[in-house]
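Here is the structure we will look at.
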Amino acid sequence: MAELPDENRATELRNTVVDQLKEGGWITSPTIEAAMRKVPRHLAVPEASLEDAYSTYNAVITQKDEQGNHTSSVSAPQVQAMQLEQADIRPGDNVVEYGTNGPNAAYIAELVGDTGQVTTVDIDAGAAARAAHFLAETGYSRVRVLTADASGGVPEHAPYDAIVVTVGAWDIPPAWREQLSEGGRLVVPLRIRTLTRTYGFVRQGDQLVSSSAHVCGFVPMQGEDAHDEQLLLLGDGVSLRFDDGPTVDPSLLDGVLSTPRAETWTGVTVGRTENIGTLQMYLATMAPGFCIMSVDLDSKTAVVEPSNKGFSMAAVRGPNFAYVLVRRTPDDKNVEYGVHAFGPDGASFAEEIADCIRAWGKKHRGGPGPRVAIYPAGTPDDQIPGDRVIDKKHSRISVSWSAT
């Protein structure tokens, strides 16, 4: 027989988590604070220790596939608080959650109150069953728990005042927009050019217009709208990840690492703890052929020297390849961005990427990031303002940068 948790200790840990989230600015709403102090999230993950269940910044993994990839989890309290603040859920709202494990649906039930409705959905029957058990055990049996592919939404209970998506999405299925009321809020971890942010969108007619964005990581969506990144191997343990496949003929990059390496430094320096999320997104949307480079830990390559072997911003243009790195400033207080590039036009390509970094440093550093708007696929170009339009299966995504 499993040992019952110490409820006093659970309450103490739960309150500590909420205190930390308030101090960090992740919780600003008194109603979200009250909900997160009340819901006993540890009962959703009885296999985890109380300390793990109440880890402020770490998810609890509840399911893996045969390759060891995470397929289901209970998100970290910090991420849940962040998304709930974005969703702006009010008493009486009708809310649907896509991706479930229980606690987040309970938080939403607290926020909508007795006059609201909550539906929580998962494509995995095991995750749905886990959520249903937790919600019944903790007194939230009014929450509807469904097993379904989120791509089609849940039309029978629409329209929704808010949709909260807790799985990583590559696109916005039309049903999500169509089943959202005018002025309704969609919160979704959306991947754009390999970078995932949890966006808050507001429906304005056929558009979804961003109101907020935060860096995050989520278990990827399964089902009809699952979308895998594509990998390009350069050799010597160096690989590139593209969201929609390489933007050039991969054969053009054959032997690129054997060409002379060009190097340039930008003069743009940042503090070691400065948030560079907007730099990543600026390069992703404004640099040609943006991708993510990784290098095998056992690689002995002498020409590719990333600052982080697991994640480096990179780009390709024709037969040329470049990646971003940093070096410490002489006072050891900051780091400076630089670019290494290869290929027949490596030197000019390095300068092109460096100029993107300089433009960010001059115009967008410290700003709120871009305005992102989602339009239905097929919307004419002349109806989509912005600096860059990214086409996906169901959507055309407009990205607009305004100088700070």
Side-chain angles (χ1 to χ4, degrees), residues 67 69 168-171 190-197 215 217-218 220 226-266 276-327 337-357 360 388 390-393 397 399:
Q67 288 74 43
N69 300 311
W170 176 78
D171 199 359
L190 180 64
R191 196 171 82 230
I192 299 176
R193 293 285 173 86
T194 74
L195 302 179
T196 298
R197 305 287 185 265
V215 177
F218 276 82
H227 184 89
D228 293 329
E229 295 174 327
Q230 296 187 37
L231 198 65
L232 174 61
L233 304 178
L234 293 185
D236 293 330
V238 180
S239 59
L240 306 179
R241 287 189 287 115
F242 295 84
D243 216 16
D244 307 305
T247 56
V248 300
D249 180 349
S251 66
L252 293 175
L253 294 170
D254 289 346
V256 67
L257 296 182
S258 64
T259 63
R261 187 178 79 187
E263 180 175 323
T264 190
W265 293 91
T266 64
I276 60 164
T278 58
L279 171 59
Q280 294 174 345
M281 189 57 68
Y282 188 76
L283 287 178
T285 56
M286 302 304 290
F290 182 83
C291 55
I292 298 299
M293 181 186 78
S294 59
V295 180
D296 290 346
L297 295 178
D298 297 330
S299 173
K300 304 298 182 183
T301 177
V303 294
V304 175
E305 300 177 297
S307 304
N308 181 342
K309 283 192 170 186
F311 181 99
S312 296
M313 294 178 285
V316 297
R317 187 190 66 190
N320 305 290
F321 155 67
Y323 67 91
V324 177
L325 72 163
V326 296
R327 66 182 179 186
Y337 283 102
V339 182
H340 286 174
F342 302 83
D345 302 310
S348 63
F349 192 42
E351 281 300 325
E352 183 177 351
I353 302 304
D355 283 343
C356 277
I357 297 172
W360 168 81
R388 179 61 54 88
I390 299 167
D391 286 305
K392 301 205 172 192
K393 178 182 177 182
I397 299 178
V399 181

**Asked** Does some side-chain heavy atom of W265 sit less than 4.5 Å from a side-chain heavy atom of L325?
**Response** yes
**Pairwise distance OG1(T264) to CD1(I353) - rounded to 0.5 angstrom** = 11.5 Å
**Fill in**
What one should report as the nearest heavy-atom pair of M281 and R197 is CE-CG, 3.8 Å
**Nearest-0.5 Å distance, NZ of residue K393 to CG of residue D171** = 8.0 Å
**Asked** Going from CG on L253 to CZ on F321, what distance comes out if it is rounded to the nearest 0.5 angstrom?
**Response** 8.5 Å
**Prompt:** Taking all non-hydrogen atoms of both residues, which atom of R261 and which atom of V303 are closest, and how far apart?
**Reply:** NH1-O, 2.8 Å
**Request:** Take L232 and V316 through the test side-chain contact (heavy atoms from CB on, under 4.5 Å) and record every step on the way to the result.
**Result:** CA-CA 11 Å; L232 174 61; V316 297; 5.7 Å; no
Would you be so kind as to tabulate the donor-acceptor pairs closer than 3.5 Å made by side chains of residues 291-299, with sequence neighbours excluded?
residue, atom, partner, partner atom, Å
S294, OG, S239, OG, 3.0
S299, OG, D236, O, 2.6
S299, OG, T301, N, 3.2

**Message:** Restricting to non-hydrogen atoms, name the atom on A322 and the atom on V339 that form the minimum distance, rounded to 0.1 Å.
**Reply:** CB-CG1, 3.9 Å
**Request:** List for me each residue that meets salt bridge (charged side-chain N to carboxylate O under 4.0 Å, His left out) alongside D249, sequence neighbours excluded, and say none if there are none.
**Result:** none
**Closest non-hydrogen atom pair, P319 against V256** = O-CG2, 3.5 Å
**Asked** Are any side-chain N or O atoms of R317 and backbone N or O atoms of P288, one a donor and one an acceptor, separated by less than 3.5 Å?
**Response** no
**Item:** Shortest non-hydrogen contact from R241 toward L231
**Value:** CG-CD1, 3.6 Å
**Asked** Which value, rounded to the nearest 0.5 Å, describes the distance between H340 atom NE2 and F349 atom CZ?
**Response** 14.5 Å
**Item:** Working for side-chain contact (heavy atoms from CB on, under 4.5 Å), residues R193 and I397
**Value:** CA-CA 11 Å; R193 293 285 173 86; I397 299 178; over 6 Å; no
**Request:** Could you tell me the separation between the CG atom of D345 and the CG atom of N320, rounded to the nearest 0.5 Å?
**Result:** 5.0 Å
**Prompt:** Below 4.5 Å, heavy atoms only, C-beta onward: do W360 and T278 meet side chain to side chain?
**Reply:** yes
**Request:** Nearest 0.5 Å please: distance from the CZ atom of F342 over to the OH atom of Y323.
**Result:** 5.0 Å
**Asked** Does V324 reach the side chain of L279, with side-chain heavy atoms less than 4.5 Å apart?
**Response** no
**Request:** Taking all non-hydrogen atoms of both residues into account, name the closest pair between R191 and W170 and its distance.
**Result:** NH2-CD1, 3.5 Å
